[in-house]
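Below, read A as the first sequence line, B as the second, and so on, with proteins coming before strands; counting in each chain starts at 1.
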Amino acid sequence: MIMFYNTLTRKKEEFKPIEEKIVKMYTCGPTVYDFAHIGNFRAYVFEDLLHRFLEFAGYNVIRVMNITDVDDKTITGAIKNKVSLEEYTETYINAFFEDMECLKLKKATYFPRATQHIPEMVSLIKILLEKGNAYFKDGSVYFRISTFPSYGKLSHYDFNKILTSSTDSDEYEKEEARDFALWKAVKDEPFYWDTEIGRGRPGWHIECSAMSMKYLGETFDIHTGGVDNIFPHHENEIAQSEAATGKKFVNYWLHCAHLLVNGEKMSKSKGNFYTLRDLLKKNYDPAGIRYLLLTTHYRDPLNFTEQSLKQAEKTVNNLNAFYQRVSFGIQTQTSCETNIEKKICKTFENFFDALADDLNISAAMGEIFKFIHDVNESFDLGKMSSKDSEKIISFLDKINEIIAVIEPIKEPLPDEIASLIKKREQARKEKNYAVADSIRNQLSEKGILLEDTPYGTRWIRKQKTT
RNA sequence: GGCCAGGUAGCCAAGCGGCAAGGCAGCGGUCUGCAAAACCGCUAUUCACCGGUUCAAAUCCGGUCCUGGCCUCCA
């Protein structure tokens, strides 16, 4: 049984998709006005875990991640740089995909862009106008919240108590302060679309309603984002979508908590703003970054520090060392029987159950580390057969489908290096340790670490260290 | 002010009524020519604080303090 915490009900609920074996999921993607920062990636890593886990659990995941390529910030950026909106956003769209690959984030099925779905948004707005849920004012179209009584059900805000007074100076255009723009009239700006509802550009929220319904249908299973999206963004999506279709928009809303930097909110003014690229420049390992973002429960605030990043790197390093130790075992060890199969089954079961409980990744990893410890012990006692090793490796490969931080070395050892290792073993036999150590240092510089064991010399690839 | 999270060892982090998982770091030991990795042992009488409920509380209830978020375009 899979349980998720649903923001809508504020409870953990059993997950039941609309269609058996298929999950339709919408994950809020980037606004491409700048490079994404690690706070953004915390959300994307959480979504990646969700995606991978659902596939792991046997679901066919149909996932949409939108690219917001028109909004105030992208427009400002394009004007400032005197380029078209397309040119301006292209850089950041490409960077985003590179970053995703770097963090091993699984690709969504669709990456729709707002600018390519203007007709869909317009027709949705037209429906809302016809139904009386929206109105024109000075060429813009606003959603009339008074026509949607359950407004506030996601954020659980009581609108009788708040928002009685209008704060912004230009709010006079709207009938009510809380009404929000579906379509913004454009007069002097260079970027606009001429449509049946006039010349203008879309409001922020409408793209997600239009695109999610296009690719996933009027009602779908899961919608995710950061907690800061609960209000107003997701609240408004619900209002627009449900007013238009008369149907429930989304069954499960999952939101991840924020990332803090050194216990403080991440902000440009404080200078504690890291992009993924900043960290890579500082020579941090992408797998370590992924591990750190992955292994704090998504609903808990994550305090990002360079110390914890270094710890994460070390852990990833040890996971890789373990993988390689076992791989090496495949080629060398021959004897004995263990009940490794049983242990693998139990570990797998516990790992899966932990994740099925609202993605409890920390508990799931705890199971893996206990397993590793047990296996290491058996190795030290010489109780592992090559058959056992093969089973362990295939188990680790399976786990890695979710955690994706282990990088198995599949390619054979280059001849040049193999012969150096042989040469060194000869030197060691002759107790010529000066030569042996110099070869070891030489290989270390090439990223190959040697480990002498009772069964011979083993090599592993050195992880990036900082 | 309203609403929502969170405060567990040096750091990170599970547990959410029945002897405080796990990771990283540290210390001592085994193995090693030396290493590395691994293994063994040690490292929270206590879970922000104060009360209460209970045979039993880190876990439930009440209050206090601290940190962070949202309250109209920020994941």
Side-chain angles (χ1 to χ4, degrees), chain A residues 7 10 27-31 36-47 68 71-73 152 155-159 161-163 166-168 171 174 177-181 184 203-205 224-233 235-236 255-260 263-267 291-292 295-297 299-305 307-319 321-322 324-325 328 350 354 360-370 372-373 375-381 428 431-433 436-437 440-441 444 449-454 458-460 462:
Chain A
T7 308
R10 289 187 180 168
T27 49
C28 273
T31 302
H37 56 70
I38 49 164
N40 298 319
F41 281 112
R42 203 246 163 133
Y44 305 140
V45 168
F46 146 63
E47 287 156 2
T68 302
D71 80 316
D72 291 352
K73 286 176 186 151
S155 54
H156 301 91
Y157 287 162
D158 183 352
F159 288 91
K161 281 189 187 162
I162 53 176
L163 297 176
S166 162
T167 47
D168 273 292
E171 302 287 23
K174 299 187 252 177
R178 59 183 184 160
D179 289 352
F180 59 90
K184 296 181 174 185
W204 177 31
H205 318 292
T224 69
V227 285
D228 52 346
N229 276 157
I230 295 171
F231 189 87
H233 186 48
E235 196 71 70
N236 290 351
H255 293 97
C256 71
H258 273 113
L259 176 139
L260 306 176
E264 289 186 314
K265 183 188 174 179
M266 187 167 59
S267 71
Y291 186 85
L292 179 61
T295 50
T296 295
H297 185 79
R299 284 193 289 117
D300 285 342
L302 166 57
N303 186 18
F304 181 92
T305 61
Q307 188 191 359
S308 54
L309 183 52
K310 280 172 190 154
Q311 291 177 1
E313 280 186 346
K314 189 70 180 34
T315 307
V316 168
N317 186 59
N318 289 349
L319 285 169
F322 177 74
Q324 291 175 47
R325 179 181 204 193
F328 184 81
N350 293 344
N360 189 342
I361 185 73
S362 311
M365 288 312 294
E367 293 299 325
I368 301 303
F369 288 117
K370 274 182 232 164
I372 289 175
H373 186 270
V375 170
N376 271 327
E377 194 179 9
S378 298
F379 262 109
D380 281 3
L381 295 170
R428 284 186 70 224
K431 299 204 191 294
N432 191 347
Y433 296 121
D437 289 351
R440 186 164 65 193
N441 291 338
S444 171
L449 292 182
L450 298 185
E451 300 179 359
D452 300 320
T453 77
R458 183 168 82 221
W459 65 280
I460 66 168
K462 206 200 289 192

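Residue whose closest nucleotide on RNA chain B sits further toward the 5' end, between A:G225 and A:D437: A:D437.
Stem list for RNA chain B (at least 3 consecutive Watson-Crick or G-U pairs, distances under 3.5 Å): B:1-7 with B:65-71, B:10-12 with B:22-24, B:26-30 with B:38-42, B:48-52 with B:60-64.
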Close N or O pairs between protein and nucleotides 35-39 of chain B (under 3.5 Å):
{"unit_1": "B:A35", "atom_1": "N6", "unit_2": "A:D452", "atom_2": "N", "d": "3.4"}
{"unit_1": "B:A35", "atom_1": "N6", "unit_2": "A:D452", "atom_2": "O", "d": "2.9"}
{"unit_1": "B:A35", "atom_1": "N1", "unit_2": "A:D452", "atom_2": "N", "d": "3.0"}
{"unit_1": "B:A35", "atom_1": "N3", "unit_2": "A:R440", "atom_2": "NH1", "d": "3.2"}
{"unit_1": "B:A38", "atom_1": "O3'", "unit_2": "A:N376", "atom_2": "ND2", "d": "3.2"}
{"unit_1": "B:A38", "atom_1": "O2'", "unit_2": "A:R325", "atom_2": "NH1", "d": "3.3"}
{"unit_1": "B:A38", "atom_1": "O2'", "unit_2": "A:D380", "atom_2": "OD1", "d": "3.2"}
{"unit_1": "B:A38", "atom_1": "O2'", "unit_2": "A:D380", "atom_2": "OD2", "d": "2.6"}
{"unit_1": "B:C39", "atom_1": "O4'", "unit_2": "A:D380", "atom_2": "OD2", "d": "2.8"}

Strictly under 3.5 Å: I want the nitrogen or oxygen pairs between protein and nucleotides 65-67 of chain B, one per line.
none

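Rounded to whole Å, the P atom of B:G17 lies 33 Å from the corresponding atom of B:C71. Spacing of P atoms, B:C16 relative to B:G22, comes out at 16 Å, to the nearest Å. Atom C1' of B:U30 sits at a distance of 23 Å from the matching atom of B:G23, rounded to the whole Å. Distance check on atom P: B:U8 versus B:A48 gives 7 Å, rounded to whole Å. Only the P atoms considered, B:A13 is 36 Å distant from B:C55, to the nearest whole Å. Comparing the P positions of B:G29 and B:A35 gives a spacing of 12 Å, expressed to the nearest Å. Distance check on atom P: B:G10 versus B:C49 gives 14 Å, rounded to whole Å.
Side-chain proximity of A:Y157 to the nucleotides B:G33, B:C73, B:G2 is greatest for B:G2.
A donor-acceptor pair under 3.5 Å is absent between the side-chain atoms of A:T295 and the main chain of A:S362, judged by distance alone. When atom types are taken as modelled, the side chain of A:E47 and the backbone of A:T27 share no donor-acceptor pair closer than 3.5 angstrom. Side-chain atoms of A:N303 come within 3.5 Å of backbone N or O of A:G263 as a donor-acceptor pair.
Atom C1' of nucleotide B:C74 and atom OH of A:Y44 are separated by 11 Å, given to the nearest angstrom. Per the geometry, CG belonging to A:L309 stands 19 Å off P belonging to B:G23, to the nearest Å. Between the CE atom of A:M266 and the P atom of B:G69 there is a distance of 11 Å, given to the nearest Å. Straight-line distance from the NZ atom of A:K184 to the P atom of B:C73: 9 Å, rounded to whole Å. As a whole-Å value, the separation of A:N236 CG from B:C71 C1' is 13 Å.
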*Which parts of nucleotides 4-14 of chain B does protein reach within less than 4.0 Å, heavy atoms only, written one letter per nucleotide 5' to 3' as B for base, S for sugar-phosphate only and - for none?*
SSS---BBSSS
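Judged as a salt bridge (Lys or Arg N to Asp or Glu O under 4.0 Å), and not counting sequence neighbours, the contacts of A:E367 are A:K370. Remark: A:R42 engages no residue in a salt bridge (Lys or Arg N to Asp or Glu O under 4.0 Å) (not counting sequence neighbours).
No aromatic stack links A:F369 and the base of B:G22, using centre distance under 5.5 Å and interplanar angle under 30°.
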_Determine whether A:L259 and A:F41 satisfy the following criterion, side chain to side chain contact (heavy atoms under 4.5 Å, CB included), listing intermediate values before the conclusion._
CA-CA 9 Å; A:L259 176 139; A:F41 281 112; over 6 Å; no
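Classification of the A:H205-A:H233 ring pair by plane angle, with boundaries at 30° and 60°, yields tilted.
Here the closest heavy-atom approach between residue A:C256 and residue A:F46 is recorded as CB-CD2, 3.6 Å.
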